[in-house]
4 protein chains.
Amino acid sequence: MTDKARAYFQIAASSGVPIYRQLIDQVKTHVATGALKPGEFLPSVRQVAAELEVNPMTVSKAYSLLEKEGVLEFARGQGMKIREGSASGDDLTKREDQMVPLLKEVVVKASQLSLGPEKVTRMLGNIWKREADHE
Amino acid sequence: MTDKARAYFQIAASSGVPIYRQLIDQVKTHVATGALKPGEFLPSVRQVAAELEVNPMTVSKAYSLLEKEGVLEFARGQGMKIREGSASGDDLTKREDQMVPLLKEVVVKASQLSLGPEKVTRMLGNIWKREADHE
Amino acid sequence: MTDKARAYFQIAASSGVPIYRQLIDQVKTHVATGALKPGEFLPSVRQVAAELEVNPMTVSKAYSLLEKEGVLEFARGQGMKIREGSASGDDLTKREDQMVPLLKEVVVKASQLSLGPEKVTRMLGNIWKREADHE
Amino acid sequence: MTDKARAYFQIAASSGVPIYRQLIDQVKTHVATGALKPGEFLPSVRQVAAELEVNPMTVSKAYSLLEKEGVLEFARGQGMKIREGSASGDDLTKREDQMVPLLKEVVVKASQLSLGPEKVTRMLGNIWKREADHE
DNA sequence: GTGGTCTAGACCACC
DNA sequence: GTGGTCTAGACCACA
């Protein structure tokens with residue numbers, strides 16, 4: 001049971017984004033990309049908490065909210081697993097849906113700054129290339 | 001002197017973003033677009049507070065932080081004005097700089113979701129068109 | 001957990017200098033002298049407020065500004081701690097830097113009064129000795 | 001009557017020090033150094049206000065406070081003049097007295113920073129020399 | 001438990 | 001008139 005949690009989650013301690021939100025987003029992403037399949041178990045609250053050095057309450061909160069959203073399912077005595085109904089396999093639509101809110105923000109901010117779609121698209125391309133080079 | 005504040009600021013009461021942050025961002029945007037020029041006075045704390053129906057302290061906090069950042073200058077007994085050194089006229093580079101952090105987020109999230117630049121660009125275009133239609 | 005705050009801060013109720021400024025200066029001084037080391041937690045806002053009998057918001061303002069300046073770091077749910085990058089150990093240079101502005105004032109005022117360096121130095125020595133005797 | 005005010009006063013618009021305080025200090029300094037002698041008239045409120053481009057109320061406030069302190073005397077229909085009883089000629093003691101509060105501040109701050117008199121004196125000497133070079 | 005944000009209302013210094 | 005500071009007390013997000 002070594003490093004099982006760290007395989008799934010990487011938290012950026014001080015990125016402004018709440019830790020529980022980071023956990024939630026990453027589970028969703030893994031489900032959307034198919035890295036986590038329906039029926040599969042997630043590492044336990046304690047395990048995640050220990051490995052990521054965060055408060056167990058924080059992990060628990062993330063799992064609870066995911067359960068309420070219908071992404072996870074509580075299997076008594078065994079832990080949390082990906083819900084059967086959950087986006088099977090690699091669902092492109094679901095992944096795209098996760099991008100939409102952020103892209104809307106981009107449109108709004110660009111309008112405020114009077115930057116047209118072409119200009120923004122060009123900037124986005126440049127940033128993408130630069131990031132790719134860094135890797 | 002009617003509605004001077006409302007011409008500059010529109011706050012989204014409960015968007016999660018703190019009011020004082022919204023004010024700060026909007027002043028910066030107006031400076032970047034040239035809507036507010038160096039030397040120009042901002043509406044007084046009390047005026048903004050009254051028109052937007054927020055607490056004067058909230059506005060004051062925004063102005064103070066903008067002063068600390070060097071965007072505003074305090075003219076004693078007269079109010080706050082745009083600092084002379086501040087981005088004069090309509091500075092395209094400065095406006096673009098304000099877009100960068102958001103676009104970086106897009107790149108990161110897209111990578112997590114294994115969405116390529118073409119796909120994201122297409123999505124962005126669609127959202128942009130849809131937003132335009134709504135107006 | 002008694003008097004933790006009073007060990008770090010002593011405010012001069014009505015010295016003209018705003019309370020939040022006094023707090024800021026004292027944190028900086030403690031960091032510069034090494035009394036507060038990187039990673040160390042400061043007493044909580046509420047604790048300081050209670051012990052010094054000032055409003056929590058006043059303490060909060062001081063802490064926030066120190067965070068903006070990069071001296072403190074906000075550990076969510078745990079409090080404020082000295083930022084890792086902050087002047088480690090006992091940094092003589094940093095302490096001296098804090099003296100410079102005041103000494104510049106001395107030079108300016110002395111020039112206005114046509115008082116030479118020797119005279120001022122002698123006066124400073126006398127005052128120092130007198131203060132020492134009082135203790 | 002050209003530039004009479006500017007010969008006596010130089011205000012640093014945004015030095016943090018209130019304008020009326022700067023005016024008061026400078027009158028006192030000029031009296032202490034003998035640049036302004038008892039019986040001599042100061043430039044009128046309007047003249048000072050116009051030449052320094054400050055609000056007449058501000059100049060008036062400075063003059064009033066100086067009158068209350070016994071430095072100035074109001075000569076009806078002629079303006080403000082240096083009070084007869086005021087420090088005659090070049091009073092060294094009076095000039096030194098004006099330095100004391102600032103030097104006390106130096107001692108206090110130095111103690112807080114654990115900087116000894118020798119070190120501070122050396123720093124003061126250096127700053128003095130540097131300032132002299134700049135002129 | 002932690003700090004962050006906001007409100008309502010007061011007083012002050014400055015112009 | 002301007003902003004700056006402080007208080008008292010409330011609610012929220014996060015760990």
Side-chain angles (χ1 to χ4, degrees), chain A residues 11 13-14 16-23 49 52-62, chain B residues 1 11 13-14 16-23 41-49 52-64 66-68 72-81, chain C residues 1 11 13-14 16-23 41-49 52-64 66-67 72-81, chain D residues 11 13-14 16-23 49 52-62 65:
Chain A
I11 61 144
S14 55
V17 186
I19 294 172
Y20 82 94
R21 267 254 134 259
Q22 296 184 40
L23 294 175
L52 301 187
E53 296 180 311
V54 296
N55 195 308
M57 290 274 293
T58 307
V59 183
S60 179
K61 181 175 184 177
Chain B
M1 134 320 219
I11 60 147
S14 56
V17 186
I19 296 173
Y20 81 92
R21 269 256 133 256
Q22 296 184 39
L23 294 176
F41 277 90
L42 281 116
S44 82
V45 166
R46 289 165 174 85
Q47 196 175 341
V48 175
L52 301 187
E53 296 181 310
V54 296
N55 190 294
M57 260 216 92
T58 306
V59 183
S60 181
K61 182 175 184 177
Y63 279 17
S64 296
L66 281 165
E67 190 196 6
K68 262 191 89 73
L72 297 187
E73 188 178 7
F74 176 34
R76 282 182 299 197
Q78 300 174 77
M80 289 291 201
K81 61 178 173 183
Chain C
M1 147 307 227
I11 61 147
S14 56
V17 186
I19 296 173
Y20 82 91
R21 268 256 134 254
Q22 296 184 39
L23 294 175
F41 277 89
L42 280 114
S44 82
V45 167
R46 289 164 174 85
Q47 195 175 341
V48 175
L52 301 187
E53 296 180 311
V54 296
N55 191 293
M57 260 216 93
T58 306
V59 183
S60 181
K61 182 174 184 178
Y63 279 16
S64 297
L66 281 165
E67 190 196 8
L72 298 187
E73 188 177 6
F74 176 33
R76 280 181 300 197
Q78 301 174 77
M80 289 290 200
K81 61 178 172 182
Chain D
I11 61 146
S14 55
V17 186
I19 294 173
Y20 82 93
R21 267 255 132 258
Q22 295 185 39
L23 295 175
L52 301 187
E53 295 180 313
V54 296
N55 194 307
M57 290 274 293
T58 307
V59 183
S60 180
K61 182 175 183 178
L65 288 171

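Below, chains carry the letters A, B, ... as their sequence lines are ordered, and counting in each starts from 1.
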Give the rounded distance in Å between these two atoms: [atom1] of [X] and [atom2] of [N].
{"X": "B/L72", "N": "F/dT2", "atom1": "CG", "atom2": "P", "value": "16 Å"}
{"X": "C/E67", "N": "E/dT2", "atom1": "CD", "atom2": "P", "value": "17 Å"}
{"X": "B/K81", "N": "F/dG3", "atom1": "NZ", "atom2": "C1'", "value": "15 Å"}
{"X": "B/L66", "N": "F/dG4", "atom1": "CG", "atom2": "C1'", "value": "16 Å"}
{"X": "C/Y63", "N": "E/dT5", "atom1": "OH", "atom2": "C1'", "value": "18 Å"}
{"X": "B/Q22", "N": "E/dC6", "atom1": "CD", "atom2": "C1'", "value": "13 Å"}

What would the secondary structure line of DNA chain F be in dot-bracket form, counting Watson-Crick and G-U wobble pairs under 3.5 Å, with [ ] for pairs that cross earlier ones and | for pairs with another strand?
||||||||||||||.
Are OP1 or OP2 of E/dG3 and a side-chain N or O of C/S60 less than 4.0 angstrom apart?
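For E/dG3, neither OP1 nor OP2 has a side-chain N or O of C/S60 closer than 4.0 Å.
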Reckon B/S64 has a side-chain N or O less than 4.0 Å from the OP1 or OP2 of F/dG4?
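Yes, within the criterion.
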Report the distance from atom [atom1] of [X] to atom [atom2] of [Y], rounding to the nearest 0.5 Å.
{"X": "B/I11", "Y": "B/L52", "atom1": "CD1", "atom2": "CG", "result": "5.5 Å"}
{"X": "C/E73", "Y": "C/M80", "atom1": "CD", "atom2": "CE", "result": "10.0 Å"}
{"X": "B/K81", "Y": "B/F41", "atom1": "NZ", "atom2": "CZ", "result": "5.0 Å"}
{"X": "D/T58", "Y": "D/Q22", "atom1": "OG1", "atom2": "CD", "result": "11.0 Å"}
{"X": "B/K61", "Y": "B/I19", "atom1": "NZ", "atom2": "CD1", "result": "11.0 Å"}

Starting at the 5' end of DNA chain F, which residue's closest nucleotide do you reach first, C/E53 or B/L42?
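The residue closer to the strand's 5' end, by nearest nucleotide, is B/L42.
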Heavy-atom pair of closest approach, residues B/G79 and B/F74
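What the structure gives for the nearest pair is O-CD1, 3.7 Å.
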Start with the C-alpha distance between B/Y63 and B/V48, add both sets of side-chain angles, then the distance that settles side-chain contact (heavy atoms from CB on, under 4.5 Å), and finish with yes or no.
CA-CA 11 Å; B/Y63 279 17; B/V48 175; 3.6 Å; yes
Contacts of type salt bridge (Lys or Arg N to Asp or Glu O under 4.0 Å), residue B/R46, not counting sequence neighbours:
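With sequence neighbours excluded, B/R46 shows a salt bridge (Lys or Arg N to Asp or Glu O under 4.0 Å) to no residue whatsoever.
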For nucleotides 8-15 of chain E, give me one character per nucleotide, 5' to 3': B if any protein heavy atom sits under 4.0 Å from the base, S if the only such contacts are to the sugar-phosphate, - if neither.
BB----BS
Residues two or more places apart in sequence or in another chain: which of them pass side-chain contact (heavy atoms from CB on, under 4.5 Å) with B/S60?
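Residues passing side-chain contact (heavy atoms from CB on, under 4.5 Å) with B/S60: B/V45, B/S64.
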